[in-house]
Protein chains: 2
Amino acid sequence: MDASLLTITPGAAEPIYRQIVEQLRRMITSGQLPPGESLPSVRDVAGRHAINPMTVSRAYSLLEGEGLLERLRGMGMVVAATRRARPAGERMSLLEPRLHDLARAARELELPASRVLRRLGELLEDGE
Amino acid sequence: MDASLLTITPGAAEPIYRQIVEQLRRMITSGQLPPGESLPSVRDVAGRHAINPMTVSRAYSLLEGEGLLERLRGMGMVVAATRRARPAGERMSLLEPRLHDLARAARELELPASRVLRRLGELLEDGE
DNA sequence: CCATGTGTATCAATACAACAATACACATAG
DNA sequence: CTATGTGTATTGTTGTATTGATACACATGG
C-alpha cells in the first residue's frame, strides 16, 4: 500500500493516530486492503505527512491489538492473514453511529429528509 | 425552554460544552427556539445532568459571541431578538461537514450508496 | 436590606496528544 | 560482518483542552 493513500489532517479535532486507525480499519474491513498487503513504514508515513513516527506506530499497534494487522519482525506491518473482508451488514454497523448523529442533527435543523438524502446521494456518487 | 430538552452525554468523545453549543445552534437556526425564548439557567442544566455550571456557562458565552444568544444581566440568557430562523439552504450548510465525513467513511467501507441512503431514510423518519 | 436567583472571572487540576531524541531487537541485502 | 531497513520502548517536554472549585457582580422579590 502506498503511504500517500492515507488522508491525514494534523489540525483536525480528531487526533492524528485515530484518523489513521479508523481509516485503515475501514479499508481492511472492506477488503480494499487484502490479507497479506503490506503497509507503508512508520517512517515513510511520518515523513510524507510531517508527523512523528511514534504517532504512526501508535496507530499500528492499536490495529494489531484489534487483530487487523500482523507484525513481521524486522520487516513491516501486514494486513492479518485471518482477516477477510466482512459482509456488508457488518460493515454497515461501523457506519451506524455517524448515521445516528447525522439524523439527529438534521432533525434539530428541521431539514426535510428528501433534501438530506438527495445531497448525500450526490456526495456518494462523486467519490466513486 | 426546558432543561431536559438538551441531550448531554458526559462520557462522549465530543466535549460537553460543544455538545451544548451545537445542539442549541441548530435549534435556534431552525427556529425551534424562537427569538426571546429564555434558556434554562446554568445551574439548572448543570444540576440535571450532573455537570459543572461553568461548562454550561462556557457554552452560553460562545453562543453569545456568535450573536445567537443575548445576556440579560441578573436574569438568564435569551435567544437573540435579531435571530430569525434561517432558510433551508443555510441550515443545510451546517450539515455539510457531517455529510462529507459520512460519504468518505462509506466509500472506504465500499458500501453501496443505495444501502446507506435507505438506512438514513429510516432513521430520518423515526425521529419525527 | 436581604435572600435568592442570574452569569462569569479567576485560578487550579487533570488529561491528552504530539513531538523529540535516543536506543534497542530483529531481518534482509550486499 | 555490515549497512540498511523494519517496529518499538523509553524519557522528557510542550502545548492545549476540558473540567472543576471558589468567589464575585448584578437583578429581582419579599
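In what follows, every heavy atom counts, from backbone to side chain, and hydrogens, waters and symmetry copies are set aside. Just so it is clear: chains get the letters A, B, ... in the order the sequence lines come, proteins before strands, and each one is counted from 1.
The hydrophobic clustering, which links ILVMFWY residues whose side-chain heavy atoms are closer than 4.5 Å, places Ile28(B) and Leu6(B) together. Hydrophobic cluster membership differs between Leu68(B) and Met92(B), with clusters built from Ile, Leu, Val, Met, Phe, Trp and Tyr side chains linked at under 4.5 angstrom. Two different hydrophobic clusters hold Leu39(B) and Leu72(B) under the rule that ILVMFWY side chains link at heavy-atom gaps under 4.5 Å. Criterion: ILVMFWY side-chain heavy atoms under 4.5 Å apart, direct or through other members. Under it, Val42(A) and Val79(A) are part of a common hydrophobic cluster. One hydrophobic cluster, built from ILVMFWY side chains closer than 4.5 Å, holds both Leu124(B) and Leu123(A).
Here the C1' atom of nucleotide dG5(D) and the CG atom of Leu39(A) are 16 Å apart, to the nearest Å. Summarising the geometry, the separation between CD on Glu14(A) and C1' on dA17(D) is reported as 16 Å, rounded to the nearest angstrom. Computed from coordinates, the Leu62(B) CG to dA9(C) P distance equals 11 Å when rounded to whole Å. In this structure, the CD atom of Gln19(A) is 18 Å from the P atom of dC16(C), given to the nearest Å. At whole-Å resolution of the value, NE2 in His49(A) and C1' in dC19(C) are 17 Å apart. Between the CZ atom of Arg71(B) and the C1' atom of dT8(C) there is a distance of 8 Å, given to the nearest Å. The interatomic distance linking Asp44(A) (CG) with dT6(D) (P) rounds to 7 Å, in whole Å.
Salt-bridge annotation for Glu70(A) and Arg83(A): absent, with no side-chain N of the basic residue lying under 4.0 Å from a carboxylate O of the acidic one. A salt bridge is defined here as a Lys NZ or Arg NE, NH1 or NH2 lying under 4.0 Å from an Asp or Glu carboxylate O, and Glu108(A) with Arg98(B) fails to meet this definition.
Comparing Pro10(A) and Gly76(B) by the nucleotide of DNA chain C whose heavy atom lies nearest to each, the residue mapping closer to the 5' end is Gly76(B). Between Val56(A) and Ile16(B), it is Val56(A) whose nearest contact on DNA chain D lies nearer the 5' terminus.
If you check every strand for non-hydrogen atoms under 4.0 Å, Leu72(B) touches nothing.
Applying the 4.0 Å criterion to OP1 and OP2 of dG7(D), one finds that Ser57(A) has every side-chain N and O outside that range. Taking side-chain N and O atoms only, Tyr17(A) has no distance below 4.0 Å to OP1 or OP2 of dA18(C). Under 4.0 angstrom from either OP1 or OP2 of dG7(C) there lies no side-chain N or O belonging to Ser61(B). In this model, the phosphate group of dT18(D) is not approached by any side-chain N or O of Thr55(B) to a distance below 4.0 Å at OP1 or OP2. Taking only side-chain nitrogens and oxygens, Arg58(B) never comes nearer than 4.0 Å to OP1 or OP2 of dA17(D).
Here the CD-CG distance, from Glu96(B) to Asp101(B), works out to 11.0 Å after rounding to the nearest 0.5 Å.
Of the possible polar contacts, none joining the Ser57(B) side chain to the Pro53(B) backbone as a donor-acceptor pair under 3.5 Å is found.
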Do any N or O atoms of the protein come closer than 3.5 Å to N or O atoms of nucleotides 22-30 of chain D, and which pairs are they?
none

Could you go over nucleotides 13-15 of chain C and give all protein N or O partners under 3.5 Å, atom names and distances?
none

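Glu122(B) is not listed as a side-chain neighbour of Leu99(A), based on a closest heavy-atom distance of 4.5 Å or more. Using a 4.5 Å heavy-atom threshold, the side chains of Pro10(B) and His49(B) count as separate.
Checked against Leu62(A) for a side chain to side chain contact (heavy atoms under 4.5 Å, CB included), the options Ile20(A), Leu24(A), Val21(A) give a single hit: Val21(A).
For Ile51(A), the side-chain atoms get nearest to dC19(C) when compared with the rest of dC19(C), dT8(C), dT8(D). Listed nucleotides dG7(D), dA17(D), dA17(C) differ in distance to Arg18(B); the shortest reach to its side chain belongs to dA17(D). Among dG7(D), dA18(C), dG7(C), the nucleotide with an atom closest to any side-chain atom of Val42(A) is dG7(D).
Residue Arg84(B) places its CZ atom among 12 or fewer non-hydrogen atoms of other residues, nucleotides or ligands, all under 6.0 Å distant.
Across its full length, the helix from dC1(C)-dG30(D) to dG30(C)-dC1(D) shows an angle of 0° between the axes of its 5 terminal pairs at either end, rounded to 10 degrees.
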